[in-house]
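Below is one structure, written out as structure tokens, with a few remarks after it.
Hydrogens, waters and symmetry mates play no part in the numbers below; they use all other heavy atoms, side chains included.
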Amino acid sequence: ATTEIYTLSLHDALPILPQLLIRIVITVLAAASLSVIAPPVNLHWLHWVALAPMMWVMRADTPRSNRWLAFTYGTISTLIIFRWLATTIMTFSNLNPALAWIATLLFSMVFGLPWLILWTSVHPLRRRLGAGWMLAIPALQVVLEYAQMLLFLFPYNHGVSQYRTDWVWQLGSVTGIAGITFLLFFVNATLAETAFRRAEGKPPPYPWLGSAAAAVVLTLGFGAWRYGSISYQLEQADVVRVGMVQTDKTMLHRFTESRAAMIRDWIEATQRLTEANPGGIDLVVWSEGSSPRNVHEGRTNTILSQLAINGGFELLLGGGTTIRRDYPVTDEEWAAHRERDPKEHELIGREPGNYWGESYNSVYLFGRDGEIRGRYDKVVPLPFGEYLPLASTFPILRTWIKGPGDFRAGTEVNTISSEFATLATPICYEAIIPYLGRQYAGANLMLNPTNDAWFSEPGPQLHAMLATGRAMELGIPLVRTAFTGVSMVVLPNGDIIHEVAPFVADESVVNVPLKAFDTPYKRFGDWFTWLCLIGLGVSLAAGPWLNRQKQPVETAPDPAAQ
């Protein structure tokens, strides 16, 4: 933008500076607004108008400044929302505060790139498609969100901001959260087009404004009907009494405790829960990482088995699994691996034959008889948390970066059969990946053991928000038990019937209606996203032909508008 100004005379540049400053201020404010739309503030209504100002900031005749403003928007909005990453990096790695903030800034710049693509596409799409750009921009956003999930494994669907609006939220059962994203951006695009036409001296796009209003009204009508129908059926359903335990101890406290003390805290909390509920508990759910030892063998297995027998409940918990494999390693390999993570190899030991150990992040279900009924290994480990990308290829990375674990990915997305239900048990952030939820075939209850004790606020609230979409999309209840919160129970109609704030100790029994509902999303998956991709491609190819007899939408370039 500065270069553009310097190409003009000083006389011409003077009126441009206020215009550019206004655009910069609007960009920063619009970027910051996304953080108050998200939890814990949850001004979800603001999302229906918060995107239009950024579309207005884009100018048809200033592509260079458009790019810089779009990049600024993406970086600032991501940095404000994910600012808690810097605290996590400083606390749990060997990077100093300056490097931690640099890493967070680089993360924000990379994850903000989709906004650069989106905002700089406004006027090219408007030129090519005419008024059709108001559909193309929402479709492009849906495609970008899906691509971001596949490339970065960190989905952030903007439609999820509506997770506390009963009627709008029901659309997710049909289209997935992508449909709500589309609707939000469509409404904002019609508002932006109204501003564009006002500047051009043209009448507002009344048919498009009417279409947007009609889409919202139809969504609300469908939502009201579905919400009422599902709510009635849930009231008639049988319930499972689920015991949920959440601690107020952070990971820093956990690191100072002995392994025996860690698991004893969960056992004592469960015993208090049992004593406080003499009517009985059907299922107790602990969080991810609640057991620091191997659950499938040894003294830990015996203790947990007896706990389930004495309490008369099933017990689901998250814990590490270390398995000794049947291929040998050299003394040098063993020494190097032990040096990387001494605590892990205290569990493995040095067996005759120098065998290698493999670690998994797992969930176990103990039956009322104390026997293990099933196990699930996390199939999508967390990059830079549970493993260090490229560390096997470049071992020196482990010398430079301390903190990430060395977990392997599970090989199968399997369900676990309890006495009451067929359980889907995604671990931690697996529950925010929409396509993964559909792979738990036949599940009618989702249990999501999570450990957000690594994160300061608002990280836990953001994570919980993103997970709520699975209950709506799959039509099954979601029980999310987090180490330090946010623990919650979400029903298939979107109702949150139990929610505990982060870093608050809680021991609760929740009556969870056990009823599953068929949904178009469960059957057909991301059909709406593919429809957006196909529609976008067809419209771009056919745009010039459809628009050839129309007058150009933009006015002649105005230097002062830069």
Side-chain angles (χ1 to χ4, degrees), residues 88 92 242-255 257 259 261-273 281 283-295 300 303-304 307-308 311 313-321 360-366 375-378 381-382 385-386 405 407 416 418 423-432 445-457 459-464 466-468 470 477-490 498-510 512:
T88 299
F92 299 106
V242 179
M244 303 175 64
V245 178
Q246 177 176 305
T247 181
D248 58 355
K249 295 181 178 179
T250 67
M251 293 306 293
L252 290 177
H253 183 277
R254 177 180 172 180
F255 290 157
E257 284 188 314
R259 294 168 184 252
M262 279 188 264
I263 197 166
R264 186 169 58 244
D265 289 341
W266 293 91
I267 292 172
E268 291 175 353
T270 302
Q271 290 171 338
R272 290 193 298 269
L273 197 62
I281 303 173
L283 172 66
V284 173
V285 186
W286 293 358
S287 80
E288 175 192 22
S290 50
S291 173
R293 298 181 184 272
N294 273 350
V295 175
T300 300
I303 292 173
L304 295 175
L307 179 67
F313 50 69
E314 292 186 305
L315 172 64
L316 184 131
L317 74 154
T321 299
Y360 299 87
N361 189 353
S362 306
V363 162
Y364 287 87
L365 177 68
F366 286 82
R375 166 183 151 198
Y376 166 75
D377 297 328
K378 191 174 185 180
L382 180 67
E386 292 167 320
F407 288 101
I416 300 176
S418 79
L423 305 178
T425 56
I427 300 174
C428 199
Y429 93 115
E430 286 185 319
I432 71 174
L445 177 62
M446 178 174 284
L447 305 180
N448 176 218
T450 300
N451 184 2
D452 284 344
W454 306 92
F455 311 136
S456 61
E457 297 187 72
Q461 291 95 331
L462 290 168
H463 192 185
L466 293 169
T468 59
R470 305 298 80 72
L478 165 67
V479 176
R480 184 179 193 269
T481 305
F483 198 97
T484 53
V486 174
S487 297
M488 57 169 45
V489 176
V490 187
H498 176 74
E499 184 174 10
V500 185
F503 308 108
V504 175
D506 183 73
E507 300 154 13
S508 299
V509 175
V510 184
V512 180

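- In this structure Arg264 satisfies the side-chain hydrogen bond (donor to acceptor under 3.5 Å, both in side chains) test with no other residue, sequence neighbours excluded.
- For Leu466, the side-chain contact (heavy atoms from CB on, under 4.5 Å) partners are Tyr156, Val160, Ile432, not counting sequence neighbours.
- A donor-acceptor pair under 3.5 Å links the side-chain atoms of Glu288 to the main chain of Asn451, judged by distance alone.
- Residues passing the side-chain hydrogen bond (donor to acceptor under 3.5 Å, both in side chains) test with Thr481: none are found, sequence neighbours excluded.
- Between Val509 and Val242 the shortest side-chain heavy-atom distance does not fall below 4.5 Å.
- Residues Leu316 and Leu423 have side chains in contact (heavy-atom distance under 4.5 Å, counting atoms from C-beta outward).
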_Residues Val479, Val510; criterion side chain to side chain contact (heavy atoms under 4.5 Å, CB included); working and verdict_ = CA-CA 10 Å; Val479 176; Val510 184; over 6 Å; no

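- Residues Ser456 and Pro460 share a closest heavy-atom pair of O-CD, 3.3 Å.
- Closest approach of Thr88 to Trp454, counting heavy atoms only: OG1-O, 3.0 Å.
- Panel note: side chain Ser487, backbone Ala482; a donor-acceptor pair is recorded below 3.5 Å.
- Atom-to-atom distance recorded for Leu315:CG and Thr270:OG1 is 6.5 Å, nearest 0.5 angstrom.
- A donor and an acceptor atom, one from each side chain of His463 and Arg480, are located under 3.5 Å apart.
- With sequence neighbours excluded, the residues satisfying side-chain contact (heavy atoms from CB on, under 4.5 Å) with Leu252 are Thr91, Phe92, Thr250.
- Phe455 is linked by a ring-ring contact (aromatic ring centres under 6.0 Å, His included) to Trp84, counting only residues two or more places apart in sequence or in another chain.
- At a threshold of 4.5 Å between non-hydrogen side-chain atoms, the residues Met244 and Val489 count as touching.
- Considering every non-hydrogen atom in both Val245 and Ala269, the closest pair reads CG1-CB, 3.7 Å.
- At a threshold of 4.5 Å between non-hydrogen side-chain atoms, the residues Val486 and Asp452 do not count as touching.
- In this structure, the separation between CG on Leu478 and CE on Met488 is 8.0 Å, given to the nearest 0.5 Å.
- Counting heavy atoms from C-beta on, the side chains of Gln246 and Ser287 never come closer than 4.5 Å.
- Residue Asn294 comes nearest to Thr300 through the heavy atom pair O-CB, 3.5 Å, listed as atom of the first residue, atom of the second, then distance.
- Leu317 has its side chain out of reach of Pro449: every pair of non-hydrogen atoms, C-beta onward, lies at least 4.5 Å apart.
- Side chain of Thr425 to backbone of Leu447: no donor-acceptor contact under 3.5 angstrom is found.
- Tyr376 pairs by the ring-ring contact (aromatic ring centres under 6.0 Å, His included) definition with Tyr440, not counting sequence neighbours.
- No side-chain heavy atom of Met262 sits under 4.5 Å from any side-chain heavy atom of Ser291.
- Between Ile416 and Tyr364 the shortest side-chain heavy-atom distance does not fall below 4.5 Å.
- Here Thr450 pairs with Asn448 under the side-chain hydrogen bond (donor to acceptor under 3.5 Å, both in side chains) rule; sequence neighbours left out.
- Applying the salt bridge (charged side-chain N to carboxylate O under 4.0 Å, His left out) rule to Asp265 yields the partners Lys249; only residues at least two apart in sequence or on another chain are considered.
- Taking the six-membered ring where the residue is Trp, Trp266 and Phe483 present perpendicular rings, their angle passing 60° and hence far from 30°.
- Side-chain contact, Asp377 with Ser362: a donor N or O sits under 3.5 Å from an acceptor N or O.
- Taking Asp506 as the reference, nothing meets the salt bridge (charged side-chain N to carboxylate O under 4.0 Å, His left out) condition, with sequence neighbours excluded.
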*Hey, mind stepping through Val363 and Trp286 against side chain to side chain contact (heavy atoms under 4.5 Å, CB included) and telling me if it holds?*
CA-CA 10 Å; Val363 162; Trp286 293 358; over 6 Å; no

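- In this structure, the side-chain contact (heavy atoms from CB on, under 4.5 Å) partners of Glu457, at least two apart in sequence or on a different chain, are Gln461, Pro502, Phe503.
- Residues passing the side-chain contact (heavy atoms from CB on, under 4.5 Å) test with Gln271 are Ile267, Glu268, Leu307, sequence neighbours excluded.
- Here Thr247 pairs with nothing under the side-chain hydrogen bond (donor to acceptor under 3.5 Å, both in side chains) rule; sequence neighbours left out.
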